[in-house]
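Input: a single structure, listed below in structure tokens.
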Amino acid sequence: MISQAVLGEWYPVAMAALVDAAGRRTLLLGQEIRVFRDAGRIRVTADAGDLAVTERFGHVWACPGTPARALFTIPEADHPGRRLVDCGVVRVKCSPLRAVENFLDIAHFPFVHTDILGAEPHTEVNRYDVKIREEVDEVWATKVHFYQPQAAKSAEGGIVTEYMYRVPAPTASVLYKTCPAMPGEWDVIAIFVQPLTEELCDVWPWMALYDDVTPQAELIAFQQMIFLQDRSILENQIPRLLPLDPGMESPTQADLTSVAYRRWLKRRGLTYGAQMVAA
Amino acid sequence: MTRAWVANGLSRDLPAGVVMHGAWHGQDLAIWRSASGQIAAWKDRCQHRGMRLSHGFVRGETLSCIYHGWVYGTSGACGRIPAHPGLVPPSAIRAEAFACCEKDGVIWVAPAGTEGDVPDLAGLHPVRSLTVEAAGIEAPGLTGMEILQGSVMIAGQTVALGLVLQSLAAGRTAVHALCGGGGDVVAVSRWLEDLRRRLERGVAA
């Protein structure tokens with residue numbers, strides 16, 4: 001039985017540009033759905049009928065129940081001069097919540113994205129700020145700093161990158177990071193995670209960058225490489241579900257964002273893909 | 001009755017500085033050998049974020065988790081958390097150790113605290129391991145349940161054989177084979193592959 005809280009959220013189900021009349025058959029929360037174009041309009045249907053649909057950030061979003069609120073916003077998507085990049089999809093055999101949590105984590109950079117997003121001996125994660133912004137009901141981490149050998153496709157040499165992380169929906173996260181090409185601005189990278197089942201998800205990375213130089217294919221290849229490295233971790237965590245029982249795993253100060261994310265999920269009853277009690 | 005000691009491969013297939021996946025009755029394990037040759041078997045899970053330790057890497061006398069580089073010593077205690085280089089990890093952070101020993105060239109694991117009674121294969125020498133897509137192994141001339149032993153005619157020569165069986169998931173069996181001194185290991189290896197082909201065809205050997 002899936003809770004109303006889970007059913008009332010928006011989930012990505014397709015890249016809008018790729019939806020044609022034949023459409024895409026896929027799963028959402030374990031239910032079969034179809035995403036297709038009908039007289040120019042995108043529809044998402046399940047056995048019980050049409051789902052609420054909205055198109056934003058290059059993707060199609062569907063809500064299986066009654067939407068609890070409007071889809072979150074990413075103001076940077078509308079900034080002139082930013083390049084919006086759809087990065088395709090990576091299917092991962094893990095809980096959609098584990099995929100989001102990994103996206104919020106920086107301490108793994110030197111070990112999983114070695115010599116790209118991190119490198120030994122630069123492994124220390126200094127204290128940063130985390131809070132649940134009650135007015136918007138989102139998890140935010142700010143003042144996150146980390147040394148990176150190659151922070152972005154456009155970066156030359158190592159730099160200390162500053163990050164901000166944001167969780168505006170249970171299966172979506174947006175990060176803001178120092179923009180190598182334009183000091184003072186932030187590059188925006190998001191992952192939109194489609195919960196196929198509690199232990200299987202499609203991850204759609206999306207970016208809004210200041211980078212007029214790098215070819216599209218290279219930007220996508222860079223992001224895909226990073227995410228495939230993450231997948232080798234995500235498919236080998238035990239259990240596949242995200243444990244919300246505090247006794248199951250041992251966070252440290254570097255994991256404050258993940259701690260806040262788990263607490264926020266629990267408080268809002270967004271437990272699809274979570275393990276409540278240790279098995 | 002659940003056997004305490006379960007074979008998990010041959011010593012020669014786990015060189016110094018290497019970690020491999022193992023199992024004890026369905027419980028996933030990380031089995032590794034330090035630079036100095038010390039062997040250890042742990043539950044295959046870093047308690048930080050649940051990552052399999054069998055995907056980790058060995059440096060000197062330590063095994064590190066591949067996810068965040070947490071460093072564990074041969075006792076199982078976590079000695080270092082790279083995200084917090086100045087922190088002494090709390091003693092509660094440790095890998096869950098199994099008993100692990102080597103005898104006659106075979107690696108055996110059992111729950112921590114298991115005493116003695118490691119099966120005896122004295123006089124036999126390791127040949128090779130192979131995985132068979134079959135739940136049970138039978139061969140003429142060999143008797144036993146978890147360890148098949150006996151003499152078999154191989155390439156015109158009578159050879160003493162010991163096949164140590166390890167049940168794997170999904171109806172597969174790992175066979176860790178040993179033979180008596182003077183046995184032609186190449187001929188024994190071919191005989192084993194032949195046995196596997198017959199078993200996988202479902203034909204009684």
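As a basis for the values below, the full set of heavy atoms in this structure was taken, side chains included, without hydrogen atoms, waters or symmetry mates. Just so it is clear: chains get the letters A, B, ... in the order the sequence lines come, proteins before strands, and each one is counted from 1.
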Is it true that atom CD of A/Glu138 has more than 12 heavy atoms of other residues, nucleotides or ligands lying nearer than 6.0 Å?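 Check passes, neighbour count above 12.
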Counting only heavy atoms from other residues, nucleotides and ligands, does the tally under 6.0 Å from CD of B/Glu96 exceed 12?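 Count not over threshold, so no.
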Could you look at A/Thr114 and say if it's the side chain, the backbone, both or neither that has a heavy atom under 4.5 Å from chain B?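 Neither part, no heavy atoms under 4.5 Å.
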Between NE2 on residue B/His68 and CG on residue A/Asp255, distance to nearest 0.5 Å: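 Output value for this atom pair is 6.0 Å.
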Rounded to the nearest 0.5 Å, what separation is found between the OG atom of A/Ser232 and the OH atom of B/Tyr67?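 A/Ser232 atom OG to B/Tyr67 atom OH measures 10.0 Å (nearest 0.5 Å).
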A/Glu235 bridged to B/Arg52 by N-O distance under 4.0 Å: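 Not counted as a salt bridge, because no side-chain N and carboxylate O are separated by less than 4.0 Å.
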Among residues 161-172 of chain B, which residues come closer than 4.5 Å to chain A, judged by heavy atom distances?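 Checking residues 161-172 of chain B against chain A gives no residue, so none.
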Is it the side chain or the backbone of B/Ile81 that comes within 4.5 Å of chain A heavy atoms, both, or neither?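 Contact with chain A: side chain only.
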Portion of B/His55 that has a non-hydrogen atom of chain A nearer than 4.5 angstrom: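 Side chain only.
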Walk me through whether B/Arg59 and A/Glu120 qualify under salt bridge (charged side-chain N to carboxylate O under 4.0 Å, His left out). CA-CA 14 Å; B/Arg59 280 181 185 162; A/Glu120 292 180 279; 2.7 Å; yes
Is there a side-chain contact between [X] and [Y] in this structure, where contact means two heavy atoms from C-beta onward sitting under 4.5 Å apart?
X       : Y        : result
B/Met51 : A/Ile238 : no
B/Arg49 : A/Met248 : no
B/Gln47 : A/Glu249 : no

Please walk me through it: do A/Thr252 and B/His84 pass side chain to side chain donor-acceptor pair (under 3.5 Å)? CA-CA 9 Å; A/Thr252 71; B/His84 308 295; 2.9 Å; yes
Would you please go through residues 192-206 of chain A and name the residues with a non-hydrogen atom below 4.5 Å from one of chain B, in numerical order?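 Listed by number, there are no contacting residues, so the answer is none.
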Quick check: under 4.5 Å, non-hydrogen atoms only, which of residues 99-111 of chain A neighbour chain B?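 Contacts with chain B: A/Glu101, A/Asn102, A/Asp105, A/Ala107, A/His108, A/Phe111.
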Measure from the side-chain N and O atoms of A/Thr123 to the backbone N and O of B/Pro82, and report whether any donor-acceptor pair falls under 3.5 Å.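 It does hold such a pair.
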State which residues pass ring-ring contact (aromatic ring centres under 6.0 Å, His included) with A/Tyr165; sequence neighbours excluded, sorted by chain then number.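 If we apply the ring-ring contact (aromatic ring centres under 6.0 Å, His included) test to A/Tyr165, skipping adjacent residues, the hits are A/Tyr163.
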